[in-house]
Amino acid sequence: MTLKDDLSAIVGDAFAGEGLDRALGAVKVADRPDLAQFQCNGALAAAKAAKKNPREIAGAIAEKLSARSEFEEISVAGPGFINLKLSAGFLSPRVDALAADRRFGGWAKPAPEKIVIDYGGPNVAKPLHVGHLRAAIIGESLKRIMRFAGDKVTGDVHLGDWGLQMGQLISELRLRQPDLVYFDPEAKGPFPADPPISLADLEEMYPAASAACKADPVRADLARKATKELQSGRPGYRALWRHFVDLSVNAMKRDYADLDVEFDLWKGEADADPLIPELTEDLKSRGIIEESDGAQIIRVARDDDKKEMPPIIFINSEGAVGYHATDVATIVDRKRELDPDRILYVVDARQRLHFEQVFRAVDKAGYFDEAKLEHLWFGTMNGKDGKPFKTREGGTLKLRDFIDMVTDRARERLAESGFAEGFSAEETEAVARQVGIAALKFADLSNPRTSDYIFDLDRFMAFEGKTGPYLLYASVRVRSVVAKAQAAGAGDAGPVKLVADEETDLALTLLGFADALQDAYARRLPHLLCDHAFALAQAFSKFYAACRIVDESDASMRASRLTLAQTAGGQLDLILSLLGFSAPDRM
RNA sequence: GAUCCCGUAGCUCAGUUGGAUAGAGCGCCAGAUUCCGAAUCUGGAGGCCGCAGGUUCGAAUCCUGCCGGGAUCGCCA
């Protein structure tokens, strides 16, 4: 139970006592912090329904609540708001309990689920670029949040390793080096263990092949044929494909590791491919698939659709499978291998129609309940011009270059601030990386998932205000002051005593963690957790500025403040880990 | 053309199951350090919430229309 839940239950009892719906007792953090800590607007809704004076109802509720020890002050304001201020006698033990909790008051889901989260989607042969950034950052955070809440979560990268781009690559290499053994139609293998080209070759070939196919229909036809042959199992092509995948995956793993993003599964579209003949058979026999213009399609339109809903192309007129079919087959594969309760897709907003089609199709086929499939779409990361982020030359920026850029800036800033004074080169480098990643990830996560946002390197590298480094700084300061207290023999942490406003505010903020986590979980919106992390760091900074700790003369106050500081630091570090980054020990 | 997302302070953005005086960060102005880390803290200025109607005791939030920006719309993913 979160603090708001508990308060809502108490106020709800009072409403029930008046013969009203207890749901009217919903309590929220006050809009007017100058007047109250929490408020309940239920009297307004009750008055509307009962056609009574809201202030009268509110007065009756307030009267009932005044007997409760949880509140220090209850008042009715404006048209009928019930304003609440909690008593220190109620708050202190709750903070003590939170301080003793290894989860720092974190919410736990009552009925955990088994979940698959798909948040990669990189294409083989294509280096990771900034377009992959948001999926990786948001998906990693959601995975960690859900795991912490109690779910059993499997993260899958879901490689794009089976579509037309593979045929484009194979045909490109064939044009360049037709004598390779892989292109001998008679060759059955075994083929060489070492790849015929380097990663750099592969990364150069992809855009070249893609552009050539776009420009020339004859060239595009070669790619389509190669795709079909690969998917039909031509040995040389399969061997080549394996090389391409291995080269790419090695590079991807390094890039994701630099972002502290970790996948449990490295499956791809190709892993779902073996299921397709069987599924096609099944769908045909049940009349779910039909033929149209030489392609095998599934109609997913519904009578009450407002928009045009095209069918999915399960098998195209060439006989090749596209991403509609592999996405359907992947769901079936996951169902068989992992039997998840729910599958989540962290993929950008432009795929909304696609996922709606796929979800409808699998539901229609009876493979998976549409309601348990969620497309957690996100907006675009734009440059300062408001258009999708590009390099100065207009190309896509590789993720690796992007991370380097951010780390370089962090290193500079570290040097200017003198925070890494006397650190070894290794530690300085490690701290620069942590600061850079924190800046990058927090900048992304603190925007709501669904909105586009402008990525302004100068802005979030300023390291002031609502930024990742601000959170790191707060965390490091907690560590520092606690260490100083220990060194000075300030004694142990002890029961919390809330005297100063800054202490009470920090306590209330700490207790708000459960609600923030629950909201972030329920709406799949990590920025709600970012808001809490920032509020916590701010509350700590204010407390720190106002309340002495190490040299406080009163031993019990010192013990209380040590508890508050340690708990704030502990909860902050926990939240940082849920967001997907961490603070250094010192900086 | 249809559908979807968006339009809030100088800038970047929260807030949209209807409620008090619309918030934050940056920037700007004015302050705080003989004391635990000033990447900090305190105070201030700054808003016809795109426009016009409507519903309501009450609208940034719900409904309708319009203006402006973006995305998507059967065989590429």
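Lettering of chains follows the sequences in order, A, B, ..., and the numbering in each one begins at 1.
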K.L.:
If you look at every strand shown and take non-hydrogen atoms under 4.0 Å, does A:Asp161 touch a base, only sugar-phosphate, or nothing?
P.N.:
nothing

K.L.:
Find the distance between CD1 (A:Ile289) and CD1 (A:Ile312) and round it off to the nearest 0.5 Å.
P.N.:
8.0 Å

K.L.:
Which part of the nucleic acid does A:Val476 contact within heavy-atom distance under 4.0 Å: base, sugar-phosphate only, or nothing?
P.N.:
base

K.L.:
Using the salt bridge (Lys or Arg N to Asp or Glu O under 4.0 Å) rule, take A:Arg224 and A:Asp221 through it: C-alpha gap first, then chi angles, then the decisive distance, then the call.
P.N.:
CA-CA 5 Å; A:Arg224 267 197 296 275; A:Asp221 206 47; 3.6 Å; yes

K.L.:
If you assign each of A:Val550 and A:Ala30 to its closest nucleotide in RNA chain B, which residue comes earlier from the 5' end?
P.N.:
A:Ala30

K.L.:
Taking the P atom of each, how far is B:rA45 from B:rG25, in whole Å?
P.N.:
15 Å

K.L.:
When the P atoms of B:rA2 and B:rG65 are considered, how many whole Å apart are they?
P.N.:
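Here B:rA2 and B:rG65 have their P atoms 11 Å from each other.
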
K.L.:
Within less than 4.0 Å of OP1 or OP2 of B:rG37, is there a side-chain N or O belonging to A:Lys484?
P.N.:
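Result: yes.
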
K.L.:
Report the relative orientation of the aromatic rings in A:Tyr345 and A:Phe359; use parallel for angles under 30°, tilted for 30 to 60°, perpendicular for over 60°.
P.N.:
tilted

K.L.:
Nearest to the side chain of A:His527, heavy atoms from C-beta on, is which of B:rC13, B:rA14, B:rC73?
P.N.:
B:rA14

K.L.:
Between A:Ser141 (side chain) and A:Ile137 (backbone), is there a donor-acceptor pair under 3.5 Å?
P.N.:
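Between the backbone of A:Ile137 and the side chain of A:Ser141 there is no qualifying donor-acceptor contact (under 3.5 Å).
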
K.L.:
Is the aromatic ring centre of A:Phe81 closer than 5.5 Å to the centre of the six-membered base ring of B:rA20, with the two planes inclined by less than 30°?
P.N.:
yes

K.L.:
Taking only distance into account, with no hydrogens and no angle test, what donor-acceptor pairs under 3.5 Å do side-chain atoms of residues 39-46 of chain A form with protein atoms, sequence neighbours excluded?
P.N.:
from	atom 1	to	atom 2	distance (Å)
A:Gln39	OE1	A:Asp31	N	2.8
A:Gln39	NE2	A:Asn41	OD1	2.9

K.L.:
Between A:Leu353 (CG) and B:rU72 (P), how many Å, whole number?
P.N.:
11 Å

K.L.:
Are any side-chain N or O atoms of A:Ser8 and backbone N or O atoms of A:Val27, one a donor and one an acceptor, separated by less than 3.5 Å?
P.N.:
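Yes: the side chain of A:Ser8 pairs with the backbone of A:Val27.
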
K.L.:
With P as the reference atom in both, quote the distance from B:rC5 to B:rU61 in angstrom, rounded to an integer.
P.N.:
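Looking at atom P only, B:rC5 and B:rU61 are 16 Å apart.
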
K.L.:
Over 60° means perpendicular and under 30° means parallel, so classify the ring planes of A:His324 and A:His354, tilted if in between.
P.N.:
tilted

K.L.:
How close or far is atom P of B:rG23 from atom CD of A:Gln538, stated in whole angstroms?
P.N.:
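It is 15 Å, rounded to the nearest whole Å.
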
K.L.:
Quick one: does A:Thr563's side chain have a donor or acceptor within less than 3.5 Å of a partner on A:Gly494's backbone?
P.N.:
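Yes, because the side chain of A:Thr563 sits within donor-acceptor range (under 3.5 Å) of the backbone of A:Gly494.
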
K.L.:
What is the per-nucleotide protein-contact pattern of nucleotides 55-61 of chain B, from the 5' end, where B denotes a base atom under 4.0 Å from a protein heavy atom, S denotes such proximity for sugar-phosphate atoms only, and - denotes neither?
P.N.:
--BB---

K.L.:
Decide side chain to side chain contact (heavy atoms under 4.5 Å, CB included) for A:Thr330 and A:Glu269; before the verdict, give the C-alpha distance in whole Å, the side-chain angles of both, and the deciding distance to 0.1 Å.
P.N.:
CA-CA 7 Å; A:Thr330 297; A:Glu269 294 170 338; 5.7 Å; no

K.L.:
So do the side chains of A:Arg561 and A:Glu552 get within less than 4.5 Å of each other, counting heavy atoms only?
P.N.:
yes

K.L.:
Which part of the nucleic acid does A:Cys547 contact within heavy-atom distance under 4.0 Å: base, sugar-phosphate only, or nothing?
P.N.:
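Contact class for A:Cys547: base.
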
K.L.:
What integer number of Å spans the C1' atoms of B:rU33 and B:rG23?
P.N.:
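Result for the C1' pair: 30 Å, nearest Å.
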
K.L.:
Taking the C1' atom in each of B:rU34 and B:rC28, what is the distance between them to the nearest angstrom?
P.N.:
31 Å

K.L.:
Ignoring hydrogens and geometry, is there a side-chain-to-backbone donor-acceptor pair from A:Ser248 to A:Ala125 under 3.5 Å?
P.N.:
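Such a contact is found between A:Ser248 side chain and A:Ala125 backbone.
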
K.L.:
Expressed as a whole number of Å, how far does the C1' atom of B:rU16 sit from that of B:rC63?
P.N.:
14 Å

K.L.:
Counting heavy atoms from C-beta on, name the nucleotide in B:rA20, B:rU3, B:rG74 closest to the side chain of A:Lys307.
P.N.:
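It is B:rU3.
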
K.L.:
Rounding to an integer number of Å, can you tell me how far A:Asp456 CG sits from B:rC26 P?
P.N.:
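Checked: the CG to P distance equals 14 Å.
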
K.L.:
What stem regions, each of at least 3 consecutive Watson-Crick or G-U pairs below 3.5 Å, can be found for RNA chain B?
P.N.:
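Looking at RNA chain B, the stems formed by three or more consecutive pairs are B:1-7 with B:67-73, B:10-13 with B:23-26, B:28-32 with B:40-44, B:50-54 with B:62-66.
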
K.L.:
Please check this pair: side chain of A:Arg352 against backbone of A:Trp377, looking for a donor-acceptor N/O pair closer than 3.5 Å.
P.N.:
no

K.L.:
Using heavy atoms to find the nearest nucleotide of RNA chain B for A:Pro311 and A:Ala77 separately, return the residue whose nucleotide is more 5′.
P.N.:
A:Ala77

K.L.:
Side-chain contact test, heavy atoms from C-beta onward, threshold under 4.5 Å: evaluate it for A:Thr567 versus A:Leu506 and give yes or no.
P.N.:
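No - every pair of side-chain heavy atoms lies 4.5 Å or more apart.
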
K.L.:
B:rG7 P sits how many Å from A:Tyr453 OH, rounded?
P.N.:
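Rounded to the whole Å, the gap is 18 Å.
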
K.L.:
Do the side chain of A:Gln165 and the main chain of A:Gly160 share a donor and acceptor less than 3.5 angstrom apart?
P.N.:
yes

K.L.:
So, is B:rG27 syn or anti if syn means the angle is within 90° of 0?
P.N.:
anti

K.L.:
Taking the side chain of A:Arg299 as heavy atoms from C-beta outward, which of B:rU3, B:rG25, B:rG74 is closest to it?
P.N.:
B:rG74

K.L.:
Measure from the side-chain N and O atoms of A:Ser480 to the backbone N and O of A:Val476, and report whether any donor-acceptor pair falls under 3.5 Å.
P.N.:
no

K.L.:
Does a nitrogen or oxygen in the side chain of A:Gln357 sit under 4.0 Å from OP1 or OP2 of B:rG74?
P.N.:
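No, outside the criterion.
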
K.L.:
Looking across every strand, which nucleic acid part, if any, lies under 4.0 Å from A:Met587 by heavy atom: base, sugar-phosphate, or nothing?
P.N.:
base

K.L.:
Dump every N/O contact between nucleotides 42-46 of chain B and the protein below 3.5 Å, one line per pair.
P.N.:
from	atom 1	to	atom 2	distance (Å)
B:rU42	OP1	A:Lys542	NZ	3.3

K.L.:
Between B:rC62 and B:rU17, how far apart are the two P atoms, rounded to whole Å?
P.N.:
7 Å

K.L.:
Kindly indicate, with the supporting measurements, whether the criterion side chain to side chain donor-acceptor pair (under 3.5 Å) is fulfilled by A:Thr380 and A:Asn382.
P.N.:
CA-CA 6 Å; A:Thr380 325; A:Asn382 292 328; 4.6 Å; no

K.L.:
Extract from the structure each pairing of a protein N or O with an N or O of nucleotides 75-77 of chain B at less than 3.5 Å, listing the distance.
P.N.:
from	atom 1	to	atom 2	distance (Å)
B:rC75	O2'	A:Asn316	ND2	3.1
B:rC75	O2	A:Ser317	N	2.8
B:rC75	O2	A:Ser317	OG	3.2
B:rC75	N3	A:Ser317	OG	3.4
B:rC75	N4	A:Asp293	O	3.3
B:rA77	O3'	A:Glu269	OE2	2.9

K.L.:
In whole angstroms, how far is the C1' atom of B:rU17 from the CZ atom of A:Arg523?
P.N.:
10 Å

K.L.:
Once you round it to whole Å, what is the distance between C1' of B:rG7 and CG of A:Asp452?
P.N.:
12 Å

K.L.:
In whole angstrom, what separates A:Arg360's CZ from B:rG74's P?
P.N.:
15 Å

K.L.:
Measure the distance from CG on A:Asn41 to P on B:rU17 and round it to the nearest whole Å.
P.N.:
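Interatomic distance, CG of A:Asn41 to P of B:rU17: 13 Å.
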
K.L.:
Using the C1' atom as the reference point in each nucleotide, state the distance between B:rC4 and B:rA9 in Å, no decimals.
P.N.:
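Their C1' atoms lie roughly 29 Å apart.
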
K.L.:
Please confirm whether A:Arg477 makes a cation-pi placement over A:Phe540, using NZ or CZ under 6.0 Å from the six-membered ring centre and within 45° of the ring normal.
P.N.:
no

K.L.:
Does B:rG37 have OP1 or OP2 sitting under 4.0 Å from an N or O in the side chain of A:Tyr544?
P.N.:
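Yes, because at least one side-chain N or O of A:Tyr544 sits under 4.0 Å from OP1 or OP2 of B:rG37.
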
K.L.:
Within the distance-only criterion (no hydrogens, no angle test), does the side chain of A:His532 pair as donor or acceptor with the backbone N or O of A:Leu517 below 3.5 angstrom?
P.N.:
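Side chain of A:His532 to backbone of A:Leu517, a donor-acceptor pair under 3.5 Å: no, none is there.
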
K.L.:
Decide, yes or no, whether a salt bridge links A:Asp444 with A:Arg134 under the criterion of side-chain N to carboxylate O below 4.0 Å.
P.N.:
yes

K.L.:
Listed in order of residue number, which residues of residues 433-449 of chain A have a non-hydrogen atom at under 4.0 Å from RNA chain B?
P.N.:
A:Pro448

